[in-house]
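Contents: one structure, followed by commentary.
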Amino acid sequence: MSWVLLVDDHADGREVLAEFLSFSGFDVEGCESGEDALLRIASRGVPGLVITDLSLGQMSGVDLARTLRSGDGTSKVPVVAVTGHVNFEDTDRLFTEVLPKPIPLPRLVASVKKALGT
């Protein structure tokens with residue numbers, strides 16, 4: 001089964017989402033930055049899905065998605081953005097889906113299932 005990479009710089013939010021997705025049957029790994037996400041992919045391999053907050057720190061979720069889109073092995077990985085920015089527009093079409101915070105957990109599970117094709 002494909003694994004899910006969850007990227008959020010807020011530990012509490014990351015842990016809640018990761019725990020809920022794990023209880024829903026998904027193999028989830030969380031990390032706190034875009035840089036950490038790239039290192040995790042380099043060590044573990046390409047995930048089936050990346051869920052990222054847009055506001056992370058030095059490397060934003062948009063920067064992370066752009067980096068993944070330009071990578072040989074990661075260009076087709078679905079990337080779901082999670083954001084509190086209600087006016088965010090994905091003009092570059094980097095994201096498979098953009099989910100506004102707070103995310104209803106059943107909606108998140110449905111989005112993960114859709115992205116993974118399960």
Just verifying a value: how many Å separate [X] [atom1] and [Y] [atom2], rounded to the nearest 0.5 Å?
X     : Y     : atom1 : atom2 : result
Cys31 : Leu6  : SG    : CG    : 7.5 Å
Trp3  : Leu21 : CH2   : CG    : 13.5 Å
Leu5  : Ile51 : CG    : CD1   : 9.0 Å
Gln58 : Glu35 : CD    : CD    : 5.5 Å
Thr52 : Leu54 : OG1   : CG    : 7.0 Å

Practice item. Let me see the working for Leu56 and Ser33 under side chain to side chain contact (heavy atoms under 4.5 Å, CB included), right down to the final yes or no. Key: CA-CA 6 Å; Leu56 291 173; Ser33 71; 5.6 Å; no
Point to revise | pair Phe88-Val62: side-chain heavy atoms closer than 4.5 Å | key: yes
Practice item. Could you tell me which non-hydrogen atom of Ala81 sits nearest to which non-hydrogen atom of Phe95, and how far apart they are? Key: CB-CD2, 3.5 Å
Review point. Run the side chain to side chain contact (heavy atoms under 4.5 Å, CB included) check on Asp8 and Val82 step by step: do they pass?
Key: CA-CA 9 Å; Asp8 193 328; Val82 176; 5.8 Å; no
Side-chain donor-acceptor pairs under 3.5 Å in residues 102-118, sequence neighbours left out?
unit_1 : atom_1 : unit_2 : atom_2 : d
Arg107 : NH2    : Glu97  : OE2    : 2.5
Ser111 : OG     : Glu97  : OE1    : 3.0
Ser111 : OG     : Glu97  : OE2    : 3.3
Ser111 : OG     : Arg107 : O      : 3.1

**Study point:** Salt-bridge present (Asp53, Arg14; N to O < 4.0 Å)
**Key:** no
Review point. Passes side chain to side chain contact (heavy atoms under 4.5 Å, CB included), Met59 versus Leu38? Steps please.
Key: CA-CA 11 Å; Met59 175 183 265; Leu38 296 175; 3.7 Å; yes
Point to revise | Summary of side chain to side chain donor-acceptor pair (under 3.5 Å) pairs that have at least one residue in residues 81-91, sequence neighbours excluded | key: Ser55-His85
Would you mind writing out the side-chain donor-acceptor pairs for residues 69-79 within the sub-3.5 Å range, not counting sequence neighbours?
unit_1 : atom_1 : unit_2 : atom_2 : d
Arg69  : NE     : Leu94  : O      : 3.1
Arg69  : NH1    : Ser75  : O      : 3.0
Arg69  : NH1    : Val77  : O      : 2.8
Arg69  : NH2    : Val77  : O      : 3.0
Arg69  : NH2    : Leu94  : O      : 3.0
Ser70  : OG     : Arg66  : O      : 3.4
Ser70  : OG     : Thr67  : O      : 2.9
Thr74  : OG1    : Leu68  : O      : 2.7

